[in-house]
Amino acid sequence: GAADMKEAFKALAITAFTEDWEMLTAQQRSLDTDPSRRMALFEVDRAPQLYRRVVDKILAEDAA
């Protein structure tokens, strides 16, 4: 029923976010080891990358 579906989605979300956390943690360790290293970007990374550029630009304008 609905309760089972809710629990299934909750378990799926926990699994997905745990995998993301593990990947992001590994990426950060790699960057900390060698900050000159660039990460490979994939199409799925495009929107967050553009968002970060916009936020960085706004912050730079506010600081000026």
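Along the sequence shown, the residues carry numbers beginning at 1.
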Side chains of residues 26-34: which donor-acceptor pairs under 3.5 Å do they make with residues two or more places apart or in other chains?
unit_1 : atom_1 : unit_2 : atom_2 : d
Gln28  : NE2    : Asp32  : OD1    : 2.8
Ser30  : OG     : Arg37  : NH1    : 3.1
Thr33  : OG1    : Arg29  : O      : 2.8
Asp34  : OD1    : Ser36  : N      : 3.2
Asp34  : OD1    : Ser36  : OG     : 2.6

Let me check something: any side-chain donor-acceptor pairs from residues 41-64 under 3.5 Å, sequence neighbours excluded? List them with distances.
unit_1 : atom_1 : unit_2 : atom_2 : d
Asp45  : OD2    : Phe42  : N      : 2.9

Please set out all donor-acceptor pairs under 3.5 angstrom arising from side-chain atoms of residues 9-20, sequence neighbours excluded.
unit_1 : atom_1 : unit_2 : atom_2 : d
Thr15  : OG1    : Ala11  : O      : 3.0
Thr18  : OG1    : Ile14  : O      : 2.7

Review point. Taking the hydrophobic residues Ile, Leu, Val, Met, Phe, Trp and Tyr, and joining any pair whose side-chain heavy atoms are under 4.5 Å apart, which ones share a cluster with Met23?
Key: none
